[in-house]
There are 2 protein chains.
Amino acid sequence: MTNAVGGKSIPSHVTLADVARAAGVSVATASKALNGRAQVRESTRVKVQEAAAALAFTPNFFAQALNSPRTGTIGMVTSDLDNRFVLPILLGAEDAFGSGSLSVLLADARDDVLREHLHLQTLLTRRVDGLLIVGRTTNPRPPVALMADVPVVYVYAPSTDPADASFTPDNVQAGRLAAEHLIATGRTRIALVNGEVSYAAAQDRAAGVNQALQAAGLQLVGGRSLFGQWGEGWGRDCARLLVRGGEPVDAIIGGSDHIARGILDALRDERISVPDDVAVIGFDNWDLLVRESRPTLTSVDMSLEQLGRAAAQHLVDAIGGAPSPGVVAGPVRLVVRDSA
Amino acid sequence: MTNAVGGKSIPSHVTLADVARAAGVSVATASKALNGRAQVRESTRVKVQEAAAALAFTPNFFAQALNSPRTGTIGMVTSDLDNRFVLPILLGAEDAFGSGSLSVLLADARDDVLREHLHLQTLLTRRVDGLLIVGRTTNPRPPVALMADVPVVYVYAPSTDPADASFTPDNVQAGRLAAEHLIATGRTRIALVNGEVSYAAAQDRAAGVNQALQAAGLQLVGGRSLFGQWGEGWGRDCARLLVRGGEPVDAIIGGSDHIARGILDALRDERISVPDDVAVIGFDNWDLLVRESRPTLTSVDMSLEQLGRAAAQHLVDAIGGAPSPGVVAGPVRLVVRDSA
DNA sequence: CTGTTAGCGCGTTCAC
DNA sequence: GTGAACGCGCTAACAG
C-alpha cells in the first residue's frame, strides 16, 4: 500500500510516516497527536486522526515495545492444561485481561519443572509484564525462580512462600459449609468419604468439616475422614460399607462431586432414600454431575472462574505496583439441591 | 548491569553491544558470530559465544522482530474456553508449537463474533505468524475475515469454505465404528439415543450408524435416531421407554458418554443386564464417565489431542508455505470395555 | 504549537 | 574477516 519501488521483505504496513505525510505534518507531531499528548493544536490533531483512520493506520507493536517499559502482554503458565479445574480459571483470567486489553501468552509445563523453566525463559525474553502460574492441584508449590523482577501471581496451587501472591480456593471453608448445612438440617451422624490423602484439597475439606462438627459437639462417623481415591468407585464402596456397617449414618459428604455421585448410586442400589434417610453433599458443583443425578446433588461451588478473575485482576494491580496480598483464600458457596 | 550513569527507564538488559565490547569485536561481528553467519573466523566466533554466555545475553525479542518477517508467535482463538472438548485440543496444539519454539497468544471470543473480530485485530497487530481457530462444536462456521494474509487453520469447527484448512473429528466414522462393533458382536436390534438435533456431531454420528446398519441390511429400532439433549436424563428416559416398549432391543448407542451413562443407569434400574441383554456404547471416551461406570463403558475416542496436534502441525507447515489440505477428518478409534 | 535530532537493539549491506 | 553505517517504526528531548 505504501512503498512504491522496492520489494521490502516485510509486507510494509501503513506507517506513522505515511500518516504524517498524508496529514502534512512531521512524524513527531503525528505521534503526539495520536497519543493524546497535550502540545498539539486541536485542529491538527483532528487532521492527523482523520489521516490515520483513512489509511487504517495501526502502530507497529514491536516498534512501540522496543523502548517502552510495558508490553501489554502477560504470561500464563499452566502445569496441566488437561485438567478440568484450570478451564474456568483460565476463562476468568483471560476475561479480566482481555477487557483490559492485555494479551495472554499461554504455556503449558506438563507438570514438568524443566519445561516450566524453559517456558518461563521464553516468556521473559518476550518481556511479559507479569506472570500467572496456574497449578494442577491446591497443593502448595515452590515459587518460580526468575532472574528478572516481574510480578508473579499463583492461582489454584499457592506458592510455598507466604510472601508471594497466591489465590487458592478456600477448601477449609468449603468443608465447613458442607458440614454446617447438614448440621443445620438436623443431621448428626455424618461421614466423610474423601479423596486422595496426598491432596491438600482433601485435607483442607476434612479440616473444615471437622471444625464445624466440633463446634456442634459432634464428630465424624468412624471418627475420621475416609481418604481414598477421587473416583465414584471409591464413593460407592464406602457408601455401601457405611450403610451396611454397625454405626448409623444420616449424612455422607463426598470429597468431590464424583465421589458423591458414587455415593448416590450405591445408596440407590441399597434402596436407601436420599435425602430422607441419608443426605449427600459433594464438592466442586460440577454441573455435569450435579444437575442430572438422582436426586440432584447439593454441592459446594469453588467459584473458580471468579478465582481466576481475582488473580488476574491482582496481577494487573501488581504490575501497577500494588503490594502482594499473600495467600488469598477465594470464596466458595454452597449450592443446595435435592440431596441434602 | 550495564549502563553506569543514567537511570534508563527500561531496566537495561545485556545488549549485543555489551557482548561485542566484552569480546573485543564490533556489534556487527558479534551478530554474525551468534547467528551462525559464515564470514566469521572460528576463533572469534567462539570468543563471542563465550562472552555472550558469560553475560547471559538474550537477544531483545522486539528488536529482532522489528524487521523480521516472522515473529515466532501464533494466535489461538477459542470460541468457548469453558468447554471440555477444547482442552485436549489446546494441549495438543500447545505441545506441537511449544516443541517448535513457537509461542502461543491465547484469546477467547466467548462465542461472540464481535469479540472474535476484536481479538483477531489485536493478534494481527502483534503480527502473529498464523492463526488457529478453535470452535465450540463441530458445526461449520463462517471463515474469519482478515485484512492480512496470515495462514489460518480451523480446529473442531471447520470453516464453511472448503478451501480453508480445517481439522475436525470424523464423527461419521465414529458412528460407523460403534454400529459395526455391535453388528460384529451379533446385535441386530440397535437403537440410537442421540444428542441435540442442531449439532453436526449428532447428525454425523447418526449418519455413520445408519451407513453401517444399511450395509448389514439392518435399520435402527424405531426407524430413526432419537434426537434430544446431551445429558444423562435424556439417556435414562429413552432407555426406559425403549426397553419397556413393544419392540425388542439388544443394543443402545448413546450419542455421547453422558447419554450412555444415563442409559446404563436406567437399564440397571430395570434389572436389565449389560451387556448380556443389551449392549451400550457411547462417544467421546471421557474417562471420568467411562472408567467407573457399571459396567465400564465401551466408547469411541475422538482423539482430540491428536487432532489439535495435527492442526498445529499443519499450521506450522502452512506458515512454511504448504497448501491447504481442505477439510481433514481426524481419525477416531473404538475403545472396547465391558458394556459392549 | 511544531519540526528536527537522537536513539531503542538488532541485522544487514558494503566498504575496508 | 571485520567494522562502520544505515534502517526498521516509534517516542522523547530539545529547538525553533
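Nothing here was measured: the structure is a model prediction, and the numbers come from that model. In the text below, chain A, chain B and the rest are named by the order of the sequence lines, each starting its count at 1.
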Do B/E42 and B/R45 pass the salt bridge (charged side-chain N to carboxylate O under 4.0 Å, His left out) test, and can you show the C-alpha distance, the side-chain angles, and the key distance before you say yes or no?
CA-CA 5 Å; B/E42 198 49 33; B/R45 183 188 304 281; 3.6 Å; yes
Point to revise | Criterion side-chain hydrogen bond (donor to acceptor under 3.5 Å, both in side chains) on B/S26 and B/T29, from CA distance to verdict | key: CA-CA 5 Å; B/S26 76; B/T29 308; 3.0 Å; yes
Would you please test B/V46 and B/S43 for side-chain contact (heavy atoms from CB on, under 4.5 Å) and show each step? CA-CA 5 Å; B/V46 172; B/S43 64; 5.9 Å; no
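Judged by closest nucleotide on DNA chain C, A/V40 is the one of A/V40 and B/P59 placed further toward the 5' end. Nearest-nucleotide positions on DNA chain D place B/E42 closer to the 5' end than the other of A/R37 and B/E42.
Rounding to whole angstrom units, CZ of residue A/R126 and P of C/dC10 are separated by 15 Å. To the nearest angstrom, C1' of D/dG1 lies 8 Å from CD of B/Q39. Rounded to a whole Å, the CG atom of A/N67 is 11 Å from the C1' atom of C/dA6. In this structure, B/L16 atom CG and D/dT2 atom P are separated by 15 Å, rounded to whole Å. C/dC10 atom C1' lies 15 Å from atom CZ of B/R21, rounded to whole Å. Summarising the geometry, the separation between NZ on A/K47 and P on C/dC1 is reported as 14 Å, rounded to the nearest angstrom. Atom-to-atom, CZ of B/F62 to C1' of D/dG7 comes out at 20 Å; the value is rounded to the nearest Å. As a whole-Å value, the separation of B/R45 CZ from D/dG3 C1' is 16 Å.
Of the residues B/R141, B/Q121, B/R110, the one that meets the side chain to side chain donor-acceptor pair (under 3.5 Å) test with B/E116 is B/R141.
Side-chain atoms of B/T29 lie closest to D/dT2 of the nucleotides D/dT11, C/dG3, D/dT2. Listed candidates were C/dT4, C/dC10, D/dG9. Nearest to the side chain of A/A28 is C/dT4. Among the nucleotides C/dG3, D/dT2, D/dC10, the one closest to any side-chain atom of A/V25 is C/dG3.
Here the straight-line distance linking atom CG of B/L81 with atom CG of B/D111 works out to 11.5 Å at 0.5 Å rounding.
B/R127 contributes a side-chain N or O that, together with a main-chain N or O of B/A65, makes up a donor-acceptor pair within less than 3.5 Å. A donor-acceptor contact shorter than 3.5 Å links the side chain of B/E94 to the backbone of A/D108.
Across all strands, B/V27 comes closer than 4.0 Å to no nucleic acid atom at all (heavy-atom distances). Using a 4.0 Å heavy-atom criterion, one finds that B/F57 contacts the sugar-phosphate atoms exclusively.
Of the side-chain N and O atoms in B/Q64, none sit less than 4.0 angstrom from OP1 or OP2 of C/dG9.
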Note, DNA chain D 5' to 3' with Watson-Crick or G-U pairs under 3.5 Å encoded as ( ), [ ], | and . gives ||||||||||||||||
